[in-house]
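Proteins get letters first, then strands, A, B, ... in listed order; numbering begins at 1 in each.
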Amino acid sequence: MSETAVLAEDVDVVYTGRQSTKRALDGLNLSIAPGAVHAILGPNGAGKTTFIRVATTLLIPTSGRVFVHGLDVVRQAGSVRDIIGVAGQYATVDESLTGRENLLLTGTLYGLSREERAARAVDLLERFDLVDAADRATKTYSGGMRRRLDLAASLTGDPQVLFLDEPTTGLDVRTRNALWEEVRAIADRGVTIVLTTQYLEEADALASRISIIDAGRVVVEGTPAELKSTVGEEILTLKPVDNHLLGTLAEAVGGEIVEGTVRARTARHGVTSVLETALAVGPLSSVTTTTASLDDVFLAYTGHIAEDEQPPAPTSRWGRRR
Amino acid sequence: MSTMTRPARTDRPSRSRRFITDTLALAGRSLAKFRRNPQAIVFTIVQPVMFVLLFRYVFGGAIQTPPGVDYVNLLIPGIVVQNALFSAASASVAISDDLASGFTDRLRSLPTARLAPLTGRVLADTLRAGLLVIVIFLVGLLVGFRPEWGPGLLAAWLLLMLIAFGFAWIAVAIGVSVKSPEVAQSAGFIWIFPLTFASSVFVPVSTMPDWLAWFATINPVTQFANATRGLVLLGEVDSAMGWTLLWVVIFAVVGGFLSIRGWNRMTRA
Ligand SMILES: Nc1ncnc2c1ncn2[C@@H]1O[C@H](COP(=O)(O)OP(=O)(O)OP(=O)(O)O)[C@@H](O)[C@H]1O
Ligand SMILES: [Mg+2]
């Protein structure tokens, strides 16, 4: 068990509200190796945040168990907290404190001595390029700076496992790329990173393994390359002249209907046979072929397209509840 | 590159040490937040000063006092009680804000002493109440408040912090149970007005209609105000002091229990 950095066994989480209950995790199983960068990829509401909350001791699962380096997140929550770091979906720094004060406070709460936490704060401020802003209240920080400070704070305790919940949601491309670099640098130091994302591109860019989750369970897992190869190498997007034939066409070629087209997957040499089948159904107004991306993997396993657009940043300065 | 996994720290201070350091660190954070928010400072200080001026100069003349007693001497020990309660009540909004912002999540994912976010908050609000009481006493002296007994003033100051401490636990219990800071804002403050106005804080209970006088007599705020007056005006400890201490214990115990229960429930789905 201790060779696994994070192990989740049949985790169920059922939220019970007054009128309704919601099964957010439904028999989730995961095993993450030490030193890996593991992406948990899923659409809105898939249960990503819920899993992070369970693994970081914030939420007790309805059933099932999660271990971090062999420590049970429920029964040994205190020891788990010693070895993890968390940066939530929204930056959770204290707005009225300065960057340095935020790091010092976190250091105190990790039980570091005065000298240790001062040194750690200086080191992290340098690493995350926040030296100039160190003694300014964080309410004056930009979104990107806040994320960096949040990430820095999550490293104060020198964690063995770092959980990042949608670390780049709401950031512009340049800031996002800079953050990716930070994440890679952290991984290079041997820290296991578990990150959730809605962006296939992000999982592809950062992760050595990807688990795709949908409706609270893992639907497929593998390296980015494995996942791409399982769906076939070529994707054909077929548009029939007669829109009424979409259903028949999809059935004939074994593809899905997406925005008025049928998407079919095939191996590199299967393109002509798919086309023949398609033409037997009816004439086509357009055909495009593309090499499979993680988007297609996602579609193939979850039955819907991942959100492509960046959702707007949270409206309240403080982010949103839970 | 450099470090691979390393063993968990073994040189941690003891649990009770951690509890104290974490409580102090989080209380320090709350006070720093307050210090840097000019709006909050103005609100907390200007409002009581306005109350003092309003009641001293506008309504004061119309309020009957026992013969030989200056209204301002009754007013100031009453207003400090009201403000100790206000100060304590702000804990509900602050707790709720931290929950909404995700700051609490961060604290709970750190090896922080489990209850330190609550005790830190209560400590901060108790100290803030102490500060506010000093300000009001000083303003009171400027407008003619004349305590009879110096040491009684000091004792009253400690008593008021104790009252704030008890109420802060009620406020924390409200903060951990409500769904949003907006609800905390109303739920946390709404009860203070009836409680302080239907009491002996501003007017002698004897001038109220019977039903109200009945409520005002059993109202703990009346006991708080009377106990404070006993200390600063007469240098005397009477039955009001007994009731005050009893109420403080009840508030702290019930509030503390509900706070801790609500806090522990947060890990449940
Ligand atoms: N506190 C809660 N009470 C009730 N239902 C909840 C609660 N938190 C989340 N849910 C529901 O559980 C499901 C999973 O939510 P979760 O936040 O884990 O998804 P997510 O994958 O993180 O989504 P997103 O990409 O939007 O952040 C959703 O349907 C959500 O509405
Ligand atoms: Mg989420």
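When heavy atoms are compared at a cutoff of 4.5 Å, Ser154(A) approaches chain B by way of both its backbone and its side chain. If you measure heavy-atom distances from Arg108(B) to chain A, the contacts under 4.5 Å come from both the backbone and the side chain. Only the side chain of Leu105(A) comes within contact range of chain B, judged by heavy atoms closer than 4.5 Å. If you measure heavy-atom distances from Ala32(B) to chain A, the contacts under 4.5 Å come from the side chain alone.
Thr21(B) contributes atom OG1, which lies 11.0 Å from atom CZ of Arg114(A) (distance to the nearest 0.5 angstrom). Here CZ of Arg29(B) is found 6.5 Å from OG of Ser96(A). Values are rounded to the nearest 0.5 Å.
The residue from Thr106(A), Asp150(A), Asp94(A) that alone fulfils the side-chain hydrogen bond (donor to acceptor under 3.5 Å, both in side chains) condition with Arg106(B) is Asp150(A).
Arg18(B) contributes a side-chain N or O that, together with a main-chain N or O of Leu109(A), makes up a donor-acceptor pair within less than 3.5 Å.
Thr92(A) and Ser101(B) get closest at one heavy-atom pair: CG2-O, 3.5 Å. Of all heavy-atom pairs spanning Phe103(B) and Val93(A), the tightest one is CD1-C, 4.4 Å.
At a threshold of 4.5 Å between non-hydrogen side-chain atoms, the residues Asp105(B) and Arg53(A) count as touching. The shortest side-chain heavy-atom distance between Arg36(B) and Leu97(A) falls under the 4.5 Å cut-off.
Considering only residues two or more places apart in sequence or on other chains, Arg217(A) meets the side-chain hydrogen bond (donor to acceptor under 3.5 Å, both in side chains) condition with Asp26(A). Applying the side-chain contact (heavy atoms from CB on, under 4.5 Å) rule to Thr50(A) yields the partners Val13(A), Tyr15(A), Ala24(A), Leu25(A), Leu59(A); only residues at least two apart in sequence or on another chain are considered.
Crowding of Ile190(B) atom CD1: a count of heavy atoms from other residues, nucleotides or ligands under 6.0 Å not exceeding 12.
Contact count versus chain B (heavy atoms, under 4.5 Å) is highest, among Val80(A), Leu58(A), Ile84(A), for Leu58(A).
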